[in-house]
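None of these values were measured; they are calculated from a predicted model. Values below: every heavy atom of this structure, side chains too, minus hydrogens, waters and symmetry copies. Chain letters run A, B, ... following the sequence lines, proteins first, then strands; residues in each count from 1.
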Amino acid sequence: MKLLDVKLGQLPTWLAMRDFTPGGIGGALRRGYERYYNKYINVRKGGLGGISMVLAGYVVISYMWSYSHLKHDRRRKYH
Amino acid sequence: RALCPSPPAAPALLRSLRPAASVGVLHVARQIHTSQQHLAPVPPLPEKGGEVRHGLIPEEFFQFLYPKTGVTGPYMLGTGLLLYFLSKEIYVVNHETVAAACILSVIIYGIKKYGADVAAFADKLNEEKIAKALAIKNDAIRDLETAIEQEKKEQWRVEGRSYLFDAKRNNIAMLLEANYRERLLTVYNEVKKRLDYQVAMQNLKQQKEQDHMIQWVEKNVVQSITPQQQKDSIAKCISDLKALSKSAQVAV
């Protein structure tokens with residue numbers, strides 16, 4: 001069952017049902033990739049949004065990973 | 001617009017189907033082709049991808065917030081989040097912000113100016129690929145149709161088999177007849193030769209006997225003429241001749 005259909009109280013049960021083996025995780029990654037690919041890239045007239053969303057996600061993730069360095073550029077007296 | 005490489009979507013569908021029984025046991029019937037999914041004909045590619053607004057946010061997000069907040073909801077959310085990040089300095093404004101602003105402005109200017117041309121070019125490339133594949137498919141279909149017609153013609157030809165066999169049978173019968181008559185003629189000739197030989201033999205024998213008999217009779221007759229008889233016969237002949245000459249003289 002999909003994550004959006006799970007009620008909040010059933011979340012731990014649902015998490016326990018998932019397949020956390022390496023094969024399962026790999027399968028989940030593959031499914032996610034195929035969903036994105038078939039929706040935005042594998043079409044006759046693809047648009048800019050297909051790759052720009054991937055790049056924007058990369059920008060956001062790299063900002064999050066380098067936040068500990070950027071903390072020192074904040075405008076405050078005591079860091 | 002992005003050019004489309006070809007993804008393994010169909011094998012993914014296949015991978016999600018598992019065989020019903022274990023593969024090692026051969027005599028257990030395996031359920032094959034029980035689902036409704038088929039590989040052919042391959043479903044065509046969708047025309048357009050998922051809608052993305054401002055190149056960054058999928059349309060589903062706007063539709064998700066529309067019932068509760070109307071049209072301006074996501075924009076309000078975006079503005080609020082932006083101000084929150086700026087004020088709490090979760091997003092830090094430093095030299096990189098200036099660089100990002102310059103880069104983004106150049107990128108957006110380039111996209112707005114040349115986007116349509118690049119899209120048309122990419123579409124043309126795709127069209128050529130599709131046209132080539134379609135041409136190959138049409139050629140293959142035409143070849144197969146020609147092959148089908150040829151096959152039908154061959155099947156029609158098979159119906160004429162009986163005529164062919166009748167003609168061949170007639171030929172063979174004629175050959176046999178001719179051969180039989182030839183041999184009959186040979187036999188007749190041989191028999192005639194032998195019979196002719198026998199007839200010739202008989203004739204020869206008869207002739208020989210006749211000749212021999214005549215000769216023997218003549219010989220005996222000549223032998224039986226004694227000299228006295230010869231003198232008598234000669235005198236008689238002379239007297240007959242005299243009488244005849246006398247009668248002839250008288251007649252003249």
Side-chain angles (χ1 to χ4, degrees), chain A residues 1-8 17-19 21-79, chain B residues 1-13 15-16 43-61 64 85-97 100 103-104 107-108 110-112 114-116 118-120 122-127 129-130:
Chain A
M1 36 198 274
K2 293 173 166 291
L3 179 56
L4 289 176
D5 298 333
V6 174
K7 306 271 185 284
L8 205 58
M17 278 198 327
R18 303 307 291 170
D19 180 12
T21 68
I25 291 183
L29 287 176
R30 162 72 49 173
R31 278 198 305 272
Y33 167 78
E34 300 258 332
R35 255 183 65 185
Y36 184 83
Y37 185 82
N38 286 328
K39 183 156 183 211
Y40 290 106
I41 302 187
N42 192 18
V43 292
R44 265 191 212 215
K45 283 164 64 105
L48 185 63
I51 32 164
S52 81
M53 279 198 284
V54 176
L55 293 175
Y58 167 70
V59 165
V60 169
I61 286 183
S62 68
Y63 185 86
M64 290 195 321
W65 283 341
S66 55
Y67 186 67
S68 51
H69 294 282
L70 296 167
K71 268 199 295 196
H72 305 296
D73 293 337
R74 288 188 289 195
R75 292 184 55 122
R76 51 187 74 184
K77 197 163 165 193
Y78 300 110
H79 279 131
Chain B
R1 286 178 168 86
L3 305 173
C4 353
S6 57
L13 291 172
R15 240 177 271 134
S16 56
L45 284 179
E47 271 297 321
K48 298 179 65 59
E51 279 287 323
V52 175
R53 220 193 267 211
H54 304 300
L56 278 182
I57 307 157
E59 191 67 31
E60 282 85 6
F61 184 64
F64 176 63
F85 286 148
L86 281 173
S87 75
K88 289 284 234 184
E89 289 219 284
I90 297 178
Y91 177 67
V92 179
V93 176
N94 53 3
H95 61 285
E96 283 178 17
T97 312
I103 293 176
L104 275 178
I107 286 179
I108 289 179
I111 287 178
K112 286 272 191 278
Y114 301 111
V118 172
D123 281 345
K124 195 160 66 79
L125 288 181
N126 265 355
E127 280 303 318
K129 264 197 259 181
I130 289 179

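- A/Tyr36 pairs by the side chain to side chain donor-acceptor pair (under 3.5 Å) definition with nothing, not counting sequence neighbours.
- Once rounded to the nearest 0.5 Å, the distance linking OH of A/Tyr40 with NZ of B/Lys48 reads 12.5 Å.
- Considering every non-hydrogen atom in both B/Asn126 and A/Arg44, the closest pair reads ND2-O, 3.6 Å.
- The candidate from B/Glu51, B/Arg53, B/His54, B/Glu89 with the greatest count of non-hydrogen atom pairs under 4.5 Å with chain A is B/Glu89.
- Using a 4.5 Å heavy-atom cut-off against chain B, the contacting residues of residues 57-68 of chain A are A/Tyr63, A/Tyr67.
- In terms of heavy-atom proximity, B/Lys88 sits nearest to A/Arg76 at O-NH2, 3.7 Å.
- Neither the backbone nor the side chain of A/Arg31 comes within contact range of chain B, judged by heavy atoms closer than 4.5 Å.
- When all heavy atoms are compared, the tightest approach of B/Leu56 to A/Ser52 is CD2-O, 3.9 Å.
- Side-chain contact check for A/Leu70 versus B/Glu96: some heavy-atom pair is nearer than 4.5 Å.
- The CZ atom of A/Arg74 sits 9.5 Å away from the CD1 atom of B/Ile90 when rounded to the nearest 0.5 Å.
- Of the candidates B/Thr97, B/Val93, B/Asn94, B/Asn94 is the only one forming a side chain to side chain contact (heavy atoms under 4.5 Å, CB included) with A/Asp73.
- With a 4.5 Å cut-off on side-chain heavy atoms, B/Asp123 and A/Lys45 count as touching.
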